[in-house]
Amino acid sequence: MAAQKPSIPKGTRDFSPIEMVRRNYIFDTIKEVFCRYGYQAIETPAMENLSTLLGKYGDEGDRLLFKILNSGNYLDKVDEHTIKEKDQAGLSRQISEKGLRYDLTVPFARYVVQHRNEITFPFKRYQIQPVWRADRPQRGRYREFFQCDVDVIGSDSLLNEVELIQIIDDIFSKLNIKAVVKLNNRKILAGIAEVIGESDNFGHITVAIDKLEKIGIEKVNEELLGRGISQEAVDKLQPILKMEGKLKEKFPKLMEILKTSPTGIKGCEETMTVMRHLKDLGIKAKFELDLTLARGLDYYTGAIIEVKAADVEIGSICGGGRYDDLTGVFGLEGVSGVGISFGADRIYDVLSELNGFPSGFRASTKVMFVNFGEEEVKYCLPVIDRVRKAGINAELFPDAAKMKKQMSWANSNAIPFTVMAGTEEIKSKKFMLKDMTTGEQKLLSESEIIEKLK
RNA sequence: GUGGAUGUAGCUCAGUUGGUUAGAGCGCUAGAUUGUGGUUCUAGAGGUCGCCGGUUCAAAUCCGGUCUUCCACCCCA
């Protein structure tokens with residue numbers, strides 16, 4: 001057999017032991033906070049029916065879905081016409097009916113509708129699983145990555161928004177990441193579109209102004225005009241785009257601009273309520289109103305939340321918002337939800353860059369027993385068992401390899417202690433314990449070793 | 001999906017205008033040290049120069065294609 005060069009698909013990664021320790025540190029921190037606020041874990045399958053996924057994320061989202069080829073002789077079932085006409089979309093529909101999930105929110109909505117009889121609302125759940133996107137990989141962008149979602153479904157209360165931001169604050173404080181929370185509201189954006197008389201172009205407007213920070217006001221205006229938005233509307237938009245100042249000054253200005261749009265006013269009031277609570281709570285993270293924050297996902301209807309790391313340029317590390325009718329498409333109307341998603345992989349990248357991982361928690365083994373051969377193993381084995389039962393992580397080197405080999409193995413695995421027990425030690429019923437950091441060694445009894453390593 | 005850069009030892013990288021046997025550091029293996037790792041010294045192993053094709057007497061080096069990784073756009077965690 002010809003040796004093939006091993007590789008993994010573009011945008012995917014292996015996680016080696018050190019990375020796993022670090023990833024688990026992130027997951028554990030996140031889980032702990034989720035649980036603290038009363039959220040319960042669920043999981044859903046890696047693959048969903050395409051009918052569940054398609055049409056929920058906009059055209060761009062549909063394009064980025066990984067589709068799974070049907071099993072069996074799928075080609076037999078394709079009609080001649082499709083093949084002759086090279087109808088790609090038609091073909092894809094006929095040969096693929098499943099896809100890898102694109103996020104955790106839509107599968108969650110599906111879950112809620114499917115299990116509605118078992119659920120007592122409001123339902124608070126968290127879900128930590130990988131998702132897949134057929135995107136082109138880049139810094140902080142992978143084709144397989146983990147999302148950590150928390151959602152409350154079946155409650156309109158703005159207290160949920162507040163709670164989610166508290167969770168954001170808790171998690172990033174624990175991880176020592178300076179977070180900036182950006183808030184906006186789809187209703188404000190809808191109000192703006194309404195006030196400038198371009199409600200029909202809501203999508204184009206939000207996408208364009210989302211780029212304000214990146215490309216500047218001139219280019220945004222160009223793009224708006226290019227998208228068929230009237231000069232008059234663009235002119236009307238200018239004071240909103242240029243609005244500056246503190247929150248206290250921004251809101252009255254915004255209310256004034258939006259006064260003819262009840263929706264806009266509502267959005268403004270909602271956002272003010274949330275922010276007032278955050279202020280009272282003394283949130284550590286910076287939070288700000290960002291009118292340019294749009295977020296592409298089609299299903300958001302109220303609050304929009306996005307978190308960036310203050311010290312690392314990597315895109316958002318957490319994002320989410322309120323969706324009033326996500327379950328509607330699956331046949332459950334009038335259930336509002338709000339949720340956010342933490343990007344574990346980007347958080348990992350941020351911590352790497354900041355050197356923010358706690359040090360010195362690499363090896364889990366506390367002590368390694370050197371293997372000198374059959375007799376010595378017989379002498380050590382029961383002792384190792386008792387050491388473990390005393391709650392000390394211990395292991396025996398599996399082969400009676402050269403001492404040098406065994407010691408350097410312990411060394412490269414950063415194991416802090418080794419025990420040597422050969423003929424001499426067996427005779428005196430003792431063990432030679434060596435501290436690998438200082439090089440010091442002492443002849444001790446079993447109970448003294450357990451005492452020392454505890 | 002569009003445009004740009006990149007690929008040489010396990011890792012990080014040198015490699016001249018195309019010219020003989022492709023180098024360094026780290027790591028790895030062995031010995032100095034037969035019951036002692038981490039320091040030191042000595043020796044050694046390890047490369048289809050991403051892959052396929054072309055130009056040439058001759059290609060790591062030039063050309064085309066392809067894949068990977070990275071960057072920008074699009075979009076997003």
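These numbers come from a predicted model, not from an experiment. Naming convention: chains lettered A, B, ... in sequence-line order (proteins, then strands); numbering from 1 in each chain.
No N or O donor and acceptor, one from the side chain of A:Arg139 and one from the base of B:rU69, sit under 3.5 Å apart. Scanning atom types as modelled, one donor and one acceptor separated by under 3.5 angstrom connect the side chain of A:Asn411 and the base of B:rG37. Contact of A:Lys405 with B:rG37 (side chain to base): no donor-acceptor pair of N or O atoms is detected under 3.5 Å. With hydrogens and angles ignored, no donor-acceptor pair closer than 3.5 Å exists between the side chain of A:Lys10 and the base of B:rU68. The base of B:rU36 sits with one of its N or O atoms less than 3.5 Å from a complementary donor or acceptor on the side chain of A:Gln441. Donor-acceptor pairing under 3.5 Å, judged by distance alone, is absent between the side chain of A:Arg136 and the base of B:rC70.
A:Gln147 comes within contact range of the sugar-phosphate backbone alone, with a heavy-atom separation under 4.0 Å but no base atom that close. Within 4.0 Å (heavy atoms only), A:Val207 reaches sugar-phosphate atoms of the nucleic acid but no base atom. Base contact: A:Tyr142 has a heavy atom under 4.0 Å from a base atom. Counting non-hydrogen atoms under 4.0 angstrom, A:Thr437 reaches a base of the nucleic acid. Counting non-hydrogen atoms under 4.0 angstrom, A:Gly373 reaches nothing in the nucleic acid. When heavy atoms are screened at a 4.0 angstrom cut-off, A:Lys211 is found touching the sugar-phosphate backbone but no base atom. In this structure, A:Lys402 reaches the sugar-phosphate backbone alone: every heavy-atom distance under 4.0 Å involves primed, P, OP1 or OP2 atoms, never a base. Across all strands, A:Glu306 comes closer than 4.0 Å to no nucleic acid atom at all (heavy-atom distances). Residue A:Gly58 is classed as having no contact, given no heavy-atom separation below 4.0 Å to the nucleic acid. Residue A:Gly439 is classed as a base contact, given a heavy-atom separation below 4.0 Å to a base. Residue A:Glu424 is in base contact, counting any heavy-atom pair closer than 4.0 Å across all strands shown. Using a 4.0 Å heavy-atom criterion, one finds that A:Thr423 contacts the bases of the nucleic acid, with or without backbone contacts as well.
Between the P atom of B:rG38 and the CD atom of A:Glu440 lies a distance of 19 Å, rounded to the nearest Å.
Just one residue in the list A:Lys98, A:Lys67, A:Lys56, A:Arg110 forms a salt bridge (Lys or Arg N to Asp or Glu O under 4.0 Å) with A:Glu48, and that residue is A:Arg110.
Distance from the side chain of A:Lys434 is smallest to B:rU36 among B:rU36, B:rC70, B:rA77. Between B:rU36, B:rA72, B:rA77, one nucleotide has an atom nearer to the side chain of A:Gln138 than all others, and that is B:rA72. Counting only heavy atoms from C-beta on, A:Met432 has its side chain closest to B:rG35 among B:rC76, B:rG35, B:rG37.
Close placement of the A:Phe172 and A:Phe342 rings is indicated, their centers lying within 6.0 Å of each other.
B:rA5: Watson-Crick or G-U partner is B:rU69, with both key distances under 3.5 Å. Nucleotide B:rC62 forms a pair with B:rG54, judged by Watson-Crick or G-U wobble geometry with both contacts under 3.5 Å.
Ring pair A:Tyr57/A:Tyr102 is tilted by interplanar angle, where 30° to 60° counts as tilted.
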Q: Please lay out, stage by stage, how A:Gln166 and A:Leu281 fare under the test side chain to side chain contact (heavy atoms under 4.5 Å, CB included).
A: CA-CA 9 Å; A:Gln166 281 183 275; A:Leu281 280 166; 3.6 Å; yes

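Between A:Arg227 and A:Glu223 there is a salt bridge, since a side-chain N of the basic residue sits under 4.0 Å from a carboxylate O of the acidic one.
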